[in-house]
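Encoded as structure tokens, the structure appears first; notes follow it.
In the text below, chain A, chain B and the rest are named by the order of the sequence lines, each starting its count at 1. Computed from a predicted structure; not experimentally measured.
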There are 2 protein chains.
Amino acid sequence: MGTRPDLLRGALDAVLLEVISAGKTYGYEIAREIEVRSAGQLLPQEGTLYPALHRLEKRGYLKADWRDSPEGRARKHYRLTAEGRRKLAALRQEWEQFSQSVSRILGTAHAAWEGI
Amino acid sequence: MGTRPDLLRGALDAVLLEVISAGKTYGYEIAREIEVRSAGQLLPQEGTLYPALHRLEKRGYLKADWRDSPEGRARKHYRLTAEGRRKLAALRQEWEQFSQSVSRILGTAHAAWEGI
DNA sequence: TTATATGCATTGTCTGCCTAGGTATGCAAG
DNA sequence: CTTGCATACCTAGGCAGACAATGCATATAA
């Protein structure tokens with residue numbers, strides 16, 4: 001795996017909603033996409049991923065339906081609700097502000113020095 | 001307060017070590033410094049801050065000593081150990097990689113596109 | 001039959017932020 | 001003197017969520 005658990009916590013929901021909105025719709029595929037897009041840095045465990053998807057569904061950000069697969073067992077496909085799209089936009093902005101705050105404090109490279 | 005608790009979790013240790021290494025040495029001062037440096041975005045609660053400092057001390061990243069204060073009660077001053085400086089460097093790099101991964105996935109502004 | 005890839009799910013443990021309290025000192029206002 | 005406020009530290013308990021481990025189901029290949 002890549003990073004510490006605690007790092008993932010704050011960003012997982014945003015990452016999941018983003019990947020799903022980009023057309024990766026079921027768990028197994030979502031996991032692999034996250035791994036690819038992060039170049040192996042991020043890789044949520046199954047015991048993290050599936051509960052997270054259930055949470056997002058229960059909170060109304062995702063809708064799911066089952067479809068058969070040509071290989072292996074059936075897949076549970078997710079898609080964003082309207083509320084999910086709004087949530088993604090909000091989480092994206094929240095992440096941006098937060099990560100810039102931290103990066104500015106830590107003095108890491110991609111901090112935006114426009115402010116202060 | 002500023003951000004969601006879950007966001008703070010992943011970055012708090014790094015932020016604390018950084019602020020202390022920059023010369024803000026006791027809890028109350030550390031808290032205010034974080035608030036100032038993040039422009040109010042980050043503000044750990046006392047029930048978060050003090051246990052976090054104790055953890056870092058117990059793990060050997062910080063050393064502490066008590067000193068009297070001209071105003072109010074005595075202060076517990078922290079400073080980084082050699083191990084603490086190494087830890088800060090590691091956490092800084094970990095944060096940079098992680099935040100870039102997430103930012104790249106979310107497509108937020110300050111992502112570095114040099115890599116892929 | 002066994003192994004491997006696909007695919008979803010749950011249980012139990014552990015970590016750690018928060019809320020909500022508490023303690024102590026110094027000073028100013030009433 | 002008492003009340004309030006800033007300074008300054010600490011802790012108990014609740015709760016959310018990531019992880020490891022395990023299990024189940026389907027398909028293909030050795």
Side-chain angles (χ1 to χ4, degrees), chain A residues 1-16 19-20 24-35 38 41-59 61-62 64-78 91 98 102, chain B residues 1-17 20 24-35 41-59 61-62 64-78 91 94 98 102:
Chain A
M1 85 222 70
T3 356
R4 265 185 311 121
D6 283 342
L7 277 170
L8 192 54
R9 280 180 91 120
L12 182 58
D13 285 4
V15 166
L16 289 181
V19 167
I20 293 168
K24 306 298 179 181
T25 60
Y26 62 94
Y28 200 80
E29 190 187 33
I30 292 166
R32 285 196 319 254
E33 175 73 2
I34 291 175
E35 193 182 4
S38 69
Q41 287 289 307
L42 275 38
L43 216 195
Q45 306 298 311
E46 298 194 344
T48 301
L49 177 65
Y50 291 110
L53 291 171
H54 300 333
R55 260 193 326 267
L56 291 170
E57 186 183 6
K58 196 145 116 188
R59 291 174 187 174
Y61 304 130
L62 296 176
D65 61 303
W66 287 91
R67 291 180 225 161
D68 281 347
S69 158
E71 54 219 319
R73 53 171 292 188
R75 297 162 174 165
K76 193 171 180 184
H77 291 267
Y78 292 92
L91 288 178
F98 170 76
V102 173
Chain B
M1 85 222 74
T3 352
R4 266 186 309 120
D6 282 343
L7 279 169
L8 192 54
R9 283 179 88 118
L12 182 58
D13 284 2
V15 166
L16 290 181
L17 291 177
I20 293 167
K24 304 300 179 181
T25 60
Y26 63 94
Y28 200 81
E29 191 187 34
I30 291 166
R32 286 197 318 253
E33 175 73 2
I34 291 175
E35 192 182 6
Q41 288 289 306
L42 275 36
L43 216 194
Q45 305 300 310
E46 297 194 347
T48 301
L49 176 66
Y50 291 110
L53 291 172
H54 300 333
R55 268 199 313 276
L56 291 171
E57 186 184 5
K58 197 147 118 189
R59 290 174 188 172
Y61 304 130
L62 295 177
D65 61 303
W66 287 91
R67 291 182 226 161
D68 280 347
S69 159
E71 55 221 319
R73 53 172 291 187
R75 298 161 174 166
K76 193 174 181 184
H77 291 267
Y78 292 93
L91 287 177
E94 189 188 57
F98 171 76
V102 173

Does a side-chain N or O of [X] approach OP1 or OP2 of [N] to a distance below 4.0 Å, or not?
{"X": "B/Arg55", "N": "C/dC17", "result": "yes"}
{"X": "B/Tyr50", "N": "D/dC9", "result": "yes"}
{"X": "A/Tyr26", "N": "C/dC8", "result": "no"}
{"X": "A/Arg75", "N": "C/dG7", "result": "yes"}
{"X": "B/His54", "N": "D/dC9", "result": "no"}
{"X": "A/Gln45", "N": "D/dA18", "result": "no"}

Between CZ on residue B/Arg55 and CG on residue B/Leu12, distance to nearest 0.5 Å:
7.0 Å
Distance col, row B/Glu29:CD vs B/Ile20:CD1, nearest 0.5 angstrom, shows 10.0 Å
Could you state the [atom1]-[atom2] distance from [X] to [N], rounded to the nearest angstrom?
{"X": "B/Ile30", "N": "D/dA8", "atom1": "CD1", "atom2": "C1'", "result": "12 Å"}
{"X": "A/Arg4", "N": "D/dG17", "atom1": "CZ", "atom2": "C1'", "result": "15 Å"}
{"X": "A/Leu53", "N": "C/dC8", "atom1": "CG", "atom2": "P", "result": "9 Å"}
{"X": "B/Glu71", "N": "C/dA24", "atom1": "CD", "atom2": "C1'", "result": "15 Å"}
{"X": "A/Leu7", "N": "D/dA18", "atom1": "CG", "atom2": "P", "result": "12 Å"}
{"X": "A/Asp6", "N": "D/dC15", "atom1": "CG", "atom2": "P", "result": "20 Å"}
{"X": "A/Trp66", "N": "C/dC8", "atom1": "CH2", "atom2": "P", "result": "6 Å"}
{"X": "A/Leu16", "N": "C/dC8", "atom1": "CG", "atom2": "P", "result": "13 Å"}

Assert: residue with more 5' nearest nucleotide on DNA chain D, out of B/Pro51 and A/Arg9, is B/Pro51
Can you check whether any acceptor in the base of C/dA9 is under 3.5 Å from a donor in the side chain of A/Glu46, or vice versa?
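Counting by modelled atom types and ignoring angles, a donor-acceptor contact under 3.5 Å is found here.
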Remember a base hit wins even if backbone is also touched, and classify B/Gly47 as base, sugar-phosphate or nothing at under 4.0 Å, heavy atoms.
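Answer is base: heavy atoms of B/Gly47 come under 4.0 Å of a base.
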Is A/Ala52 touching bases, backbone alone, or none of the nucleic acid, heavy atoms closer than 4.0 Å?
nothing
Nearest heavy atoms of B/Leu7 and A/Gly10, plus distance in Å:
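Looking at all heavy atoms of both residues, the closest pair is CD2-O, 3.5 Å.
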Is the number of heavy atoms from other residues, nucleotides or ligands under 6.0 Å of A/Asp68 CG greater than 12?
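No, the 6.0 Å shell around CG holds no more than 12 heavy atoms from other groups.
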How about B/Ile30 and B/Leu53: do any of their side-chain heavy atoms sit closer than 4.5 Å?
yes
